[in-house]
Number of protein chains: 2
Amino acid sequence: MVNNDSNQSVNPSKNFVLPFILLLLSRVSLHGYELSQKLQAFGFKSIDQGNLYRLLRKLEADELVSSEWDTSGNGPAKRKYSITKAGITYLRGYANQLETYQSMLDQFFSMYSSFLELYIPSFSSRDSIEKKSNDKRRKDDGKEK
Amino acid sequence: MVNNDSNQSVNPSKNFVLPFILLLLSRVSLHGYELSQKLQAFGFKSIDQGNLYRLLRKLEADELVSSEWDTSGNGPAKRKYSITKAGITYLRGYANQLETYQSMLDQFFSMYSSFLELYIPSFSSRDSIEKKSNDKRRKDDGKEK
DNA sequence: TCCTCTATGTGTATTTTACATATAGGTGAG
DNA sequence: CTCACCTATATGTAAAATACACATAGAGGA
């Protein structure tokens with residue numbers, strides 16, 4: 001994993017959350033639990049705690065982050081993670097990868113608007129088509145299906 | 001897979017390429033080989049042919065697409081895939097998911113610009129950092145075996 | 001003939017993910 | 001005190017996904 005130098009594969013997934021972790025750690029050291037919460041705030045709804053901790057250990061083994069126990073505050077001991085220089089280098093590589101995803105998404109939605117024009121009118125019988133116009137306010141009632 | 005009901009999980013990967021497949025098929029019927037090429041044009045550099053064909057069969061089993069043999073043109077017989085009504089419904093759901101990814105990427109790059117301002121000046125000689133210290137790591141992850 | 005391109009698959013080991021569970025300290029309610 | 005709940009880290013493991021190798025076959029050209 002951490003799929004290194006020249007082979008920047010396109011499929012996201014773990015490689016999608018990875019840059020977010022590194023970016024968060026580039027600003028301030030965090031422990032796993034905090035990280036999990038910040039990632040949720042980013043939009044990752046389904047980060048598995050167990051796998052997150054495992055991933056962090058892997059990142060440490062790969063020397064993209066380093067950790068030390070933090071027994072200062074109250075509550076159980078926390079393993080505080082910091083980014084390494086190698087981690088910073090990789091963050092830049094991952095950012096390039098994410099740019100690719102972004103342009104793919106742009107292409108997708110560009111084509112998708114044409115799709116909507118074709119299909120939305122004829123599908124008005126099925127489930128109520130929410131107005132997908134430029135009315136950004138109402139994003140909430142799109143939870144059908 | 002094709003995670004059937006309302007649980008639109010956030011992690012991409014197979015779910016990242018899926019909407020692109022459905023979107024392409026929403027415009028015109030295609031066979032796997034064509035699909036593979038169009039996906040590459042979209043930016044998917046590393047679509048595994050074998051897995052793509054397997055995925056298409058799975059999509060057919062899930063009734064998001066349907067297929068029929070096309071023996072018309074020259075060359076070997078092609079399995080021509082078309083999107084179904086269920087596939088169209090799912091395409092809309094996946095599009096919503098991709099919107100989430102898009103906003104996550106926006107957040108990422110917004111924060112990443114700040115990162116660049118902090119790190120780029122001091123990291124102008126990045127090659128020394130990259131080449132140092134982690135040779136064994138970059139060998140054995142991602143492409144070993 | 002042999003090579004290459006198109007086209008569709010199977011086999012399978014490894015990697016990743018999902019889900020369950022374990023441990024442990026701290027806090028507040030009753 | 002006991003219990004529930006939150007923080008915090010972690011392991012076990014079955015299932016799913018991926019990477020990589022390989023098989024088959026038609027058609028066209030050198």
Side-chain angles (χ1 to χ4, degrees), chain A residues 1-4 6-18 21 29-40 44-62 65-81, chain B residues 1-5 7-19 21 29-40 44-62 65 67-81 137 139-145:
Chain A
M1 77 87 178
V2 171
N3 105 61
N4 55 25
S6 53
N7 95 1
Q8 306 270 38
S9 92
V10 167
N11 312 33
S13 107
K14 186 187 60 195
N15 294 339
F16 193 75
V17 75
L18 218 50
I21 292 175
S29 298
L30 297 168
H31 53 271
Y33 196 82
E34 283 175 324
L35 214 32
S36 163
Q37 294 176 322
K38 303 236 177 208
L39 289 172
Q40 279 177 26
F44 292 93
K45 301 194 192 77
S46 59
I47 293 295
D48 184 82
Q49 305 263 90
N51 291 335
L52 176 61
Y53 287 115
R54 250 188 294 241
L55 176 56
L56 286 169
R57 301 306 222 102
K58 183 71 164 67
L59 289 180
E60 188 172 20
D62 289 346
V65 304
S66 62
S67 81
E68 53 183 55
W69 283 105
D70 172 14
T71 50
S72 65
N74 45 6
K78 309 165 226 325
R79 188 181 285 277
K80 196 180 68 176
Y81 285 95
Chain B
M1 78 83 184
V2 169
N3 76 75
N4 256 312
D5 30 20
N7 90 6
Q8 309 270 35
S9 90
V10 166
N11 313 33
S13 104
K14 185 186 60 195
N15 293 340
F16 194 75
V17 73
L18 219 50
I21 292 175
S29 298
L30 296 168
H31 54 270
Y33 196 82
E34 283 175 324
L35 215 31
S36 163
Q37 293 176 323
K38 303 233 178 210
L39 289 172
Q40 280 177 28
F44 293 93
K45 301 194 194 76
S46 60
I47 293 294
D48 184 82
Q49 305 264 89
N51 290 334
L52 175 61
Y53 287 116
R54 251 188 294 241
L55 176 56
L56 286 170
R57 302 305 222 101
K58 183 72 164 68
L59 290 180
E60 188 171 21
D62 289 344
V65 304
S67 79
E68 52 183 55
W69 284 104
D70 173 14
T71 50
S72 66
N74 44 8
K78 311 165 223 326
R79 188 180 285 277
K80 196 181 67 176
Y81 285 95
R137 207 193 117 280
K139 272 220 169 72
D140 68 10
D141 68 33
K143 52 168 15 169
E144 88 291 6
K145 260 159 278 122

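Order of the sequence lines fixes the chain letters, A, B, ..., with proteins taken first and strands second; residue numbering starts at 1 for each chain.
When the side-chain hydrogen bond (donor to acceptor under 3.5 Å, both in side chains) test is applied to A/Gln37, no partner is found at least two apart in sequence or on another chain. Remark: A/Asn51 engages A/Asp48, A/Arg54 in a side-chain hydrogen bond (donor to acceptor under 3.5 Å, both in side chains) (not counting sequence neighbours). With sequence neighbours excluded, the residues satisfying salt bridge (charged side-chain N to carboxylate O under 4.0 Å, His left out) with A/Lys80 are A/Glu68. For A/Gln40, the side-chain hydrogen bond (donor to acceptor under 3.5 Å, both in side chains) criterion is met by no residue, not counting sequence neighbours. Scored by the side-chain hydrogen bond (donor to acceptor under 3.5 Å, both in side chains) test, A/Ser67 finds A/Glu60, A/Arg79 as partners (sequence neighbours excluded).
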Would you tabulate the pairs of protein nitrogen or oxygen atoms and nucleotide nitrogen or oxygen atoms of nucleotides 9-11 of chain D closer than 3.5 angstrom?
| from | atom 1 | to | atom 2 | distance (Å) |
| --- | --- | --- | --- | --- |
| D/dT9 | OP1 | A/Arg79 | N | 2.6 |
| D/dT9 | OP1 | A/Arg79 | O | 3.4 |
| D/dT9 | OP2 | A/Gly32 | N | 3.1 |
| D/dT9 | OP2 | A/Tyr33 | N | 2.7 |
| D/dT9 | OP2 | A/Tyr53 | OH | 2.9 |
| D/dA10 | OP1 | A/Arg57 | NE | 3.4 |
| D/dA10 | OP1 | A/Arg57 | NH2 | 2.7 |
| D/dA10 | OP1 | A/Arg79 | NE | 3.1 |
| D/dA10 | OP1 | A/Arg79 | NH2 | 3.1 |
| D/dA10 | OP2 | A/Arg57 | NE | 3.3 |

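C/dT16 atom P lies 11 Å from atom CG of A/Leu59, rounded to whole Å. Rounded to whole Å, atom C1' of C/dT16 lies 13 Å from atom CG of A/Leu18. Atom CG in B/Leu35 sits roughly 13 Å away from atom C1' in C/dT8 (whole-Å rounding). Atom CG in A/Asn15 sits roughly 10 Å away from atom C1' in C/dT16 (whole-Å rounding). At whole-Å resolution of the value, NZ in A/Lys38 and P in D/dT7 are 14 Å apart. Straight-line distance from the CG atom of A/Asn74 to the C1' atom of D/dA8: 12 Å, rounded to whole Å. At whole-Å resolution of the value, CD in A/Gln40 and P in D/dC6 are 14 Å apart. If you take NZ of B/Lys45 and P of D/dT18, they are 17 Å apart, rounded to a whole angstrom.
Note on the helix from C/dT1-D/dA30 to C/dG30-D/dC1: angle between the axes of the first and last five pairs equals 0°, rounded to 10 degrees.
Summarising the geometry, atom CD1 belonging to A/Ile47 is positioned 7.0 Å from atom CD1 belonging to A/Ile21; distances are rounded to the nearest 0.5 Å. Summarising the geometry, atom CZ belonging to B/Phe44 is positioned 10.5 Å from atom CG belonging to B/Leu35; distances are rounded to the nearest 0.5 Å. Summarising the geometry, atom OH belonging to B/Tyr81 is positioned 12.0 Å from atom OG belonging to B/Ser29; distances are rounded to the nearest 0.5 Å. Once rounded to the nearest 0.5 Å, the distance linking CG of B/Asp70 with CG of B/Leu30 reads 11.5 Å.
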